[in-house]
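Notes follow the structure.
Whatever order the structure lists ligands and atoms in, that order sets their numbers, starting from 1. Every heavy atom of this structure was used, including side-chain atoms; hydrogens, water molecules and symmetry mates were not.
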Amino acid sequence: MNHDLPSGGNPLRDVRDRRLPRVPGPCALVVFGVTGDLARKKLIPAIYDLANRGLLPPAFAVVGFARRDWGDGDFAALAREAAEKGSRTGFREDVWARLSNSIRFVPGSFDDDAAFDKLASTLVEMEKSQGIQGNAAFYLSIPPAMFPVVLKQMARTRMCDNSVRGGWRRVIVEKPFGQDLKSARDLNDLVDDVFTAQDVFRIDHYLGKETVQNLLALRFANTLFEPMWNSNYVDSVQITMAEDVGIGGRAVFYDSAGAARDVLQNHVLQLLALTAMEEPVAFDAEQIRNEKTKVLGAISLPDRLEDYAIRGQYSEGWLGGQRVAGYTDEELVPGNSRTETYAAVRLGVETRRWAGVPFYLRTGKRLPRRVTEIAVVFKKAPHLPFSSTATEELGNNQLVVRVQPDEGVTLRFGSKVPGSAMEVRDVSMDFLYGEAFTESSPEAYERLVLDVLIGDATLFPRNEEVELSWAVIDPLEEFWAGSKPEPYRAGEWGPRAADTMLERDGRHWRRP
Ligand code: BG6
């Protein structure tokens, strides 16, 4: 045996190494837009939870940057409140005491040279005071319109340059990754001009969800599923990302985006890519991103968009026993808005594995419940040796990956109903994370922030992925432009036209 050859065969082979907690080396995390919603609700709690789990290095610092007349103490107070409210692992004074020692705040606006000079000198000073060794990640938790000025400042002060302080410098970019293919390309060029590609981490927080990563384990660590994971056995795939919430306080952003740009372009297409991709030759960033990229590049749109690309907008209705307003009555939404809050589309994946298998995607706000799932629907058995009445209630076998809530996997198949007659009906076999494991799943942002500090880009989409996804969305937006979305009542499963779309194909949506 040639021991120089890689061990090969098992793309999950480095899982063994990952059982040891991965702790980053000394570093700082700089957050732009630290007073915003994302920072308060997700980032700061994630940083606190990492500290509580012992996953931050002793030499660590968090630096907030925002236009507030604040000192370190004011920012620490905001961070404490955010950690107390949002922590998953429970707030502990001793953990907080250690973390709060490493908190700094730099006040200033993005066009203020002096503020950025101060930020640069703070990072240098913290090499001594905190031992961060010149390593820093910059989190752009700000609207993309602000990117150019912030990136320019980072270039001017050379904060983005790995060589200046002899450490690493990384940038974390949040969605939206543009409005369309062109703006995404411009945004990518802008970031790639200032940082080298390997130092750019684009966050799609769905990839940080445990259940989404489990899709790869399910497919590539087992014998059971993969032989059937193709057009010989699969009838269709349904990917649902449903939310019961409305648009919250994000009317201005949401009304300019809509459901397709907000989540179809990123979260839902990433779920499709992981479902449809081939086995990577290694479980690493490059190979996994290569395989996802191939899928995204192979997506085809239906010929008749009028039948297979449906969008909707919620009107007033009832949800959870409460009356909720229609979309156009939400605060700051124009009364004549034509923005969609629901989108459903049928896509194809033009590869040998998936030729002819429809992928039905749907997402919406103010649907009956919050649920994200991937359902692989198998073909019916080619022959049923029972009387036709015995199998009246037998549906297609299904494998359902429940991304959230009730995280787990369900297998649906036919089983004999007890009794003297032969009657076959669908039953479910369930795997539930909450029951199978004692550890609770980390929040997506915990995992992703940690990965950035470690330098592991496996769970971050590459710029080609972002651009290929826009190439799917752009024609849909173009087709929808100027038309009115179909109405659906808040608390219903989307517009009637979305049901008709599946009925036309002899199928129906799952009721998750
Ligand atoms: C965000 C979208 O990316 O994901 C929001 O902008 C959406 O509109 C959110 O509500 C859903 O995330 P999660 O993790 O709650 O499913």
**Message:** Test your reading of the structure: does Asp262 have an N or O sitting under 3.5 Å from an N or O of ligand 1?
**Reply:** yes
**Asked** Should the pair Asp451-Arg447 be classified as a salt bridge under the 4.0 Å nitrogen-to-oxygen rule?
**Response** yes
**Fill in**
Closest to atom 16 (O) of ligand 1 among protein heavy atoms sits Tyr206 OH, 2.4 Å
**Request:** Check the pair Arg402, Glu373 against salt bridge (charged side-chain N to carboxylate O under 4.0 Å, His left out), reporting the backbone distance first and the verdict last.
**Result:** CA-CA 5 Å; Arg402 295 193 310 276; Glu373 62 163 43; over 6 Å; no
**Request:** Identify the protein heavy atom lying closest to atom 15 (O) of ligand 1, giving its residue, its atom name and the separation to 0.1 Å.
**Result:** Arg370 NH2, 3.3 Å
**Prompt:** Taking side chain as C-beta onward, heavy atoms only, is Leu207 less than 4.5 Å from Phe460?
**Reply:** no
**Asked** What is the closest protein heavy atom to atom 9 (C) of ligand 1, and at what distance does it sit?
**Response** Glu243 OE2, 4.0 Å
**Item:** Enumerated ligand 1 atoms positioned under 4.0 Å from heavy atoms of Lys209
**Value:** 13 (P), 14 (O), 16 (O)
**Message:** With heavy-atom distances below 4.0 Å as the criterion, list the atoms of ligand 1 near Met241.
**Reply:** 11 (C)
**Asked** Heavy atoms, side chains only, cut-off 4.5 Å: are Ile288 and Leu216 in contact?
**Response** yes
**Asked** So, do Thr328 and Gln313 sit near enough that their side-chain heavy atoms are less than 4.5 Å apart?
**Response** yes
**Item:** Numbered atoms of ligand 1 (with element) below 4.0 Å of Lys175, judged on heavy atoms
**Value:** 1 (C), 2 (C), 3 (O), 6 (O)
**Complete:** ligand 1 atoms nearer than 4.0 angstrom to some heavy atom of His267 are 1 (C), 3 (O), 4 (O)
**Prompt:** Which atoms of ligand 1 sit under 4.0 Å from any heavy atom of Gln404?
**Reply:** 13 (P), 16 (O)
**Request:** Can you pull out the closest protein heavy atom to atom 12 (O) of ligand 1? Residue, atom name and distance to 0.1 Å, please.
**Result:** His205 NE2, 3.2 Å
**Prompt:** What atoms of ligand 1 come closer than 4.0 angstrom to any heavy atom of Lys365?
**Reply:** 5 (C), 7 (C), 8 (O), 10 (O)
**Request:** Taking only Lys NZ, Arg NE, NH1 and NH2, and the carboxylate oxygens of Asp or Glu, determine whether Lys292 and Glu465 approach each other closer than 4.0 Å.
**Result:** yes
**Message:** Between Asp262 and Lys175, does any side-chain N to carboxylate O distance fall below 4.0 Å?
**Reply:** yes
**Request:** Determine whether the side chains of Thr341 and Tyr488 contain a donor N or O and an acceptor N or O closer than 3.5 Å.
**Result:** yes
